[in-house]
Every structure is written in C-alpha cells, then in structure tokens.
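We count ligands from 1, going down the list as the structure has it; atoms in each ligand are counted the same way.
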Amino acid sequence: MQRALAKAVQRSRHDQHCLAIAPFFVVRSAHTEPKRVRLLHPALSDAQRATIYALSTPPGKAGVAVVRVSGPNAIDVWSKLVKTRKRQLPEPWKMERCQVVHPETGEILDDGLAVFFKAPRSFTTEDVVELHIHSGRAIISSVLAALSRLPYCRPAEAGEFTRRAFHGGRLDLTQVEGLKDLVDAETEGQRRLALRAAGVGEIYACRRVDYESHKNIKGATRVQFEQLRTEIIGCLAKLEALIDFGEGEDIEEGVYEEARDRAFKLKSTIQSYLQDSRRGEILRSGVRLTIFGAPNAGKSSLLNFFAQREAAIVTPVPGTTRDILELSLDIGGIPVIVSDTAGLRKTVDPVELIGVERARKAIDAADIALCVVSCEDLDRGDGEDCPVEFPEAVRALIGDDTFILFNKSDLLTTKRDKSNLAGPHRWTTSLKTGDGTTEFLASFAKALQKKWELLQTSFTLSIDIPRNLRYALSDNGDSGSTPFITHARHRVHLKSAVQFIDGFLATSPDDIVLGAEELRYAARAVGKVSGLIDVEDVLDALFKDFCIGK
Ligand SMILES: Nc1nc2c(ncn2[C@@H]2O[C@H](COP(=O)(O)OP(=O)(O)OP(=O)(O)O)[C@@H](O)[C@H]2O)c(=O)[nH]1
Ligand SMILES: [Mg+2]
C-alpha cells in the first residue's frame, strides 16, 4: 500500500510538473510545421482534479438526494454553487437552507440544504460539502453537470470516498469492510456485527471523541487486531533490544525467555480465535449448506425446491450437474448459501472428475452437509427391518452430523417401513409428488434455526477491550459474544501469523536475528488485516519498554 501511495504521490507530482511546463499543446498536421497553441483552459489530469463528487443516495424519484463533494476545493464548490441568505462562506457542521445555482450562469437548479464538514472532521478527513436536494432525475443531473463545469472537480470512482477515508486514517480495512457489511446487512445479527466492525456505535459510547486525531473512533474488530499486533510488537521489541544491546548492563536477564512465553501465549490466543467454527463469517454471510449425494438422487431438484424456481438443470441423466451451483437463499428466515454439487461416483471422465473433486471440497467447507439419497438405491433389501445401507459413493462421507434426505419415496416398492428411515436430521420426501416436503421444510428450517442460534451465543473473547469501548462492542455492555473473525481474509492473515510465531518459537536463542524476522512477519500478517503495516512501531515499543541509555 505504501508503495502504491508513493507511486500515486509521484504521479501527482509528475502531473503538477506537466501542468507547470505545459499549458501548451503541439498541433501537428501533414502539411504544416508543428505549431504550439496556448490553451485557454488546459485540461487537468485526474490527479489534479482532486475534488470528487457523486450522488450518495440511490438515483430515482424520492424526497431527498444527497450529492457529496470531497477534496481541497470543496469550499470553492460551496461559494460557486451554494447561495444562502446570510453569508458566502459556510459555518462548518451546520446545515443551512440554500439555493443550488449553476456556477457559470447563476441559474437556480434547486433549493435545499447544504452542510460543510471542515477537514479533518469529515468522513474522508478532507473538506466535504453535502448538498441535500430534491431527488429527481433532472435535478440530480443538472447539479452533477454543474459540478462537472468546475475544472478541479471530477466524478468519484466507486468507493473513492471510503478509500480517501482509509488513506486519511479515518478508517482501517476492518472498518471499511464493516461499513460495506452494514450497507449489505439483511438480518438483525448481520447489522449488529457490521456496526461493531465499522465502529459506528463508538461515537455514542465515548464521552469525548477526539476529533482532531480521529484515532479513537475504531471498530471493535480493529481494536482487537491492533491489540494482537501490539502484543507481537512487544515481543519483537524485546528481541530488537537484545540484538542491539545484548543481555548485560542495560537489559535485564530473562528477556528472551519472556518474549518466548509471550509469543507462545499469543499463538494459543490466535489459535483459539481460529477455532471459532467460522461463527463471524457465518453471521455475516449466512450458513453454508452443501447438498451432496450419488448421481440422480434429486440434489438439483432439492435446490430448485428451496429456491422455488428452476435454478438448476434437472434431467433423468445421471451426472447432469457438473459444477457447483451456489444460491443465496432465505430458509425459515435464516440466510443460507446453498451449493448443489456434482453426483459422487467413480468416473474417468476428466470434466466429471473435477466436478466430483469440487463437490468433496464443498462438503468439507460446509456448515451443514445434506446428503440426498434416492430410495431407489435403498430398495435392494427386502423386508420392513432391512437396515439402511447408504450407496457406496457417499457412505464414507456421512458422519453423525450429516443431514439426510431420503428422496423418491414414491419409488419405494418393497415393504420397507418408512419409519425405518426416520431419525434426527433425517427426512423422507418425494420431490416429484410433493409427499413429505412440507414436513421436511418445517423441520429442516427448525434445525437451521438451532444452528443459527448456537452461533449467536457464547463465544468469549480473551482480549481485554478498553473500558470506554466496551459498551459499543455489544448490545448490552457485555463484550463476551463478539465474534472475532468476520471475513475469510482475516482468517488467512491470522493463520500466517501463527506460522510465523511458530517459526520464531522454533529458532534457537542463538538465531535471535532470524527469530526477530519471524515476529516482524507475524506483526505484518496481523497488520494486513487492518492495513497497518508500520514497523516504526517497533521503535516506539522499544523505547517505552526499556530504559536504554539511561
Ligand atoms: N420419481 C421421482 N423422481 C424424482 C424425484 N426427485 C427428482 N426426480 C427425478 O430424478 C431425476 C434426477 O433428478 P436431479 O435433481 O437432476 O438429480 P441430481 O441428484 O441433481 O442428479 P445429478 O446432477 O446427475 O447428480 C430427474 O428426472 C428428476 O425429475 C422424486 O422424488 N421421485
Ligand atoms: Mg444435479
């Protein structure tokens, strides 16, 4: 990121340089000598047009639309477009009644409200102007067109306001994710989880918000990851001190052992977060349900039944589904990501082989694995008490927690008693005739709800959260039920942090430089979660923890 920033700065310097030397443009033609023509309004590059604008509300007819402008010229935008009764310049953070006018003709475009957020106390940490106008296509496009007339303004790219908030230090990556999740939240649990990550609640929880530094508006996830990183840096600082000064006069004995102990505890803490049954990710995105089984059992028919539409191709040909088909559905009020998979069987067909391999992976990754078994495949033995023999292809994949749907009950020809197939998390249906489907759906939804509720309860954080933030991190002041990992990305970085800490623990005290390097990587891995990858912090910790050169 730093490299990207440096590049951007370089680019912007280059652009400024170009502007300084080239308000000209060379005109070439086949018949004449090249001529230099002075441009009246030299076009500015995107980097120079640093003030961005966009409609922040959905387009269409509504009471209010908000057009947001952010950047160094926001105040100029105000003086050109906003006419209030009182004065030309705005009072920051105060909504004012105004007319929005065209900057060149002075024509009134709409009347509404405007507010100016002075840097750095704004979402992007830059000067921001918000125009609250009436929401109608013509009004919005006339205001956006008026903004485009200002040479220093350009339309914002997707997510650019949030990107500026990130670069301005207003948000870290976990808060950016939290904001996106907040907008996407469809259930109450998802809203609460996203709110914590985004840090929105803290503004109300903190008595005094330090607006100048913006440093204490942090999401719960950010606080947690920062504490982990600080801990790693604490260990690293001890090693750095040993490398620089060695055990002796300045550094007390046992520092290396202390660093090892701390690193060991840290590793166990991170591992305990990783063993959370993906609770945070499930709350955020939904329960992952994988439908699997032998070919032709009715898996795709089940997906279509859940979706209430012909989402998957269903044919009598075994091996119809080749790849994974994934749908986000609401089953009994629970968000579920349902995957239909290729039928499992021994095959030499290379395409089918890939499908079967993917199916196996999806079963491994599932929160709930639902095996569809055709009653035809059970109908080999005779008699009421004949035990259930699962088809060979799926037998090894069925565990105690696997849900089973015996489908095609209409094809049962032997005297097999259906109650023989009953049991917890087992149902019998005919997706063709609809027999048993109502009971199945009701009971399956209940099982899903149970799983969901289980996920919403006890998960205790062992990290101490600062007192002033605790209220914000939970609904009732209790921080105990906050899931730690909410995105697969967090999990990847935490796993590599564990590997690096392991690397440090495996090095001998004689290889202290190597050990320190491992810890530096571990701190970086955790830092990647929030986007904080600053090794200068090691020096801060070093001087805080040790009285060197007293
Ligand atoms: N008689 C009967 N046929 C069914 C039932 N459910 C599905 N079928 C039929 O069984 C055939 C296979 O159904 P699919 O849903 O495609 O089965 P699948 O498990 O997805 O099959 P593959 O994708 O090949 O692995 C189709 O012809 C369905 O119409 C049922 O309950 N009874
Ligand atoms: Mg299928």
Side-chain angles (χ1 to χ4, degrees), residues 288-329 331 336-366 368-380 388-398 402-423 425-444:
R288 275 201 298 214
L289 169 68
T290 299
I291 303 172
F292 74 101
N296 222 25
K299 300 179 295 300
S300 303
S301 305
L302 178 62
L303 180 82
N304 292 350
F305 170 71
F306 281 139
Q308 294 291 299
R309 66 185 173 92
E310 299 298 308
I313 300 172
V314 168
T315 76
V317 182
T320 299
T321 307
R322 291 290 183 109
D323 206 346
I324 291 179
L325 178 62
E326 211 173 75
L327 291 184
S328 286
L329 300 174
I331 303 179
V336 186
I337 304 165
V338 190
S339 301
D340 177 23
T341 57
L344 301 169
R345 64 174 168 187
K346 282 190 185 138
T347 173
V348 285
D349 178 339
V351 180
E352 198 175 355
L353 261 178
I354 297 172
V356 169
E357 190 49 41
R358 287 188 181 179
R360 285 181 196 280
K361 281 194 183 143
I363 298 166
D364 282 346
I368 296 178
L370 171 58
C371 182
V372 182
V373 180
S374 167
C375 289
E376 266 184 314
D377 296 339
L378 298 172
D379 207 18
R380 307 255 152 75
V388 174
E389 276 264 319
F390 291 112
E392 203 191 326
V394 296
R395 213 171 291 156
L397 297 167
I398 294 179
T402 311
F403 290 21
I404 314 271
L405 181 71
F406 296 105
N407 186 37
K408 304 198 183 183
S409 60
D410 55 300
L411 297 181
L412 270 178
T413 54
T414 62
K415 285 183 273 171
R416 178 187 284 284
D417 185 353
K418 274 193 203 163
S419 64
N420 196 8
L421 304 176
H425 296 163
R426 289 180 175 210
W427 302 273
T428 308
T429 59
S430 166
L431 289 167
K432 188 174 182 181
T433 64
D435 192 29
T437 48
T438 314
E439 296 81 355
F440 160 65
L441 195 59
S443 166
F444 181 69

Please round to the nearest 0.5 Å and tell me the distance separating atom [atom1] of [X] and atom [atom2] of [Y].
X      : Y      : atom1 : atom2 : answer
Leu405 : Phe444 : CG    : CZ    : 9.0 Å
Arg345 : Leu353 : CZ    : CG    : 10.5 Å
Phe403 : Phe292 : CZ    : CZ    : 11.5 Å
Glu357 : Thr341 : CD    : OG1   : 12.5 Å
Leu325 : Ser339 : CG    : OG    : 8.5 Å

Does Gly293 have a heavy atom less than 4.0 Å from any atom of ligand 1?
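No heavy atom of Gly293 comes that close to ligand 1.
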
Below 4.0 Å from ligand 1: does a non-hydrogen atom of Val317 turn up there or not?
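Heavy atoms of Val317 do come under 4.0 Å of ligand 1.
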
Have a look around the Mg ion (ligand 2) and list protein N/O/S atoms under 2.8 Å, or say none.
Ser300 OG, Thr321 OG1

Give me the residue, atom name and distance of the protein heavy atom closest to [atom].
atom                    : value
atom 28 (C) of ligand 1 : Val314 CG1, 3.6 Å
atom 22 (P) of ligand 1 : Asn296 N, 3.6 Å
atom 26 (C) of ligand 1 : Thr315 O, 3.4 Å
atom 14 (P) of ligand 1 : Ser301 OG, 3.7 Å
atom 31 (O) of ligand 1 : Leu431 N, 2.9 Å
atom 10 (O) of ligand 1 : Lys408 NZ, 3.2 Å
atom 6 (N) of ligand 1  : Asn407 ND2, 3.1 Å
atom 17 (O) of ligand 1 : Gly298 N, 3.1 Å

If you measure every N/O of [X] against every N/O of ligand 1, is any gap under 3.5 Å?
X      : value
Gly319 : yes
Thr321 : yes
Ala297 : yes
Thr429 : no

I need the minimum non-hydrogen distance between [X] and [Y], along with the two atoms involved.
X      : Y      : value
Arg358 : Ile324 : O-CD1, 3.4 Å
Cys371 : Thr402 : CB-CG2, 4.1 Å
Ile313 : Ser300 : O-CB, 3.7 Å
Asp410 : Ser430 : OD1-OG, 2.8 Å
Thr347 : Glu352 : OG1-OE1, 3.3 Å

Between Pro318 and ligand 1, which part of the residue brings a heavy atom under 4.0 Å of the ligand: side chain, backbone, both or neither?
backbone

Asp410, portion touching ligand 1 at heavy-atom distance under 4.0 Å
side chain

Side chain to side chain contact (heavy atoms under 4.5 Å, CB included) partner of Thr429, chosen from Asn407, Asp435, Leu441, Thr438:
Asn407

Have a look at Phe440 and tell me which of Leu431, Leu302, Thr428 forms a side chain to side chain contact (heavy atoms under 4.5 Å, CB included) with it.
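Looking at Leu431, Leu302, Thr428, the match for Phe440 under the side chain to side chain contact (heavy atoms under 4.5 Å, CB included) is Leu302.
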
Residues forming a side chain to side chain donor-acceptor pair (under 3.5 Å) with Arg322, sequence neighbours excluded:
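Here the qualifying residues are Asp349.
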
Using a 4.0 Å cut-off to any heavy atom of Leu411, which atoms of ligand 1 qualify?
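Going through ligand 1 atom by atom, the ones under 4.0 Å from Leu411 are 1 (N).
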
Atoms in ligand 1 with a heavy atom of Gly343 nearer than 4.0 Å:
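Answer, ordered by atom number: 25 (O).
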
Side chain to side chain contact (heavy atoms under 4.5 Å, CB included) between Ile291 and Val372, intermediate numbers included:
CA-CA 7 Å; Ile291 303 172; Val372 182; 3.6 Å; yes

Donor + acceptor pair across side chains of Thr320, Thr315 (<3.5 Å)
yes

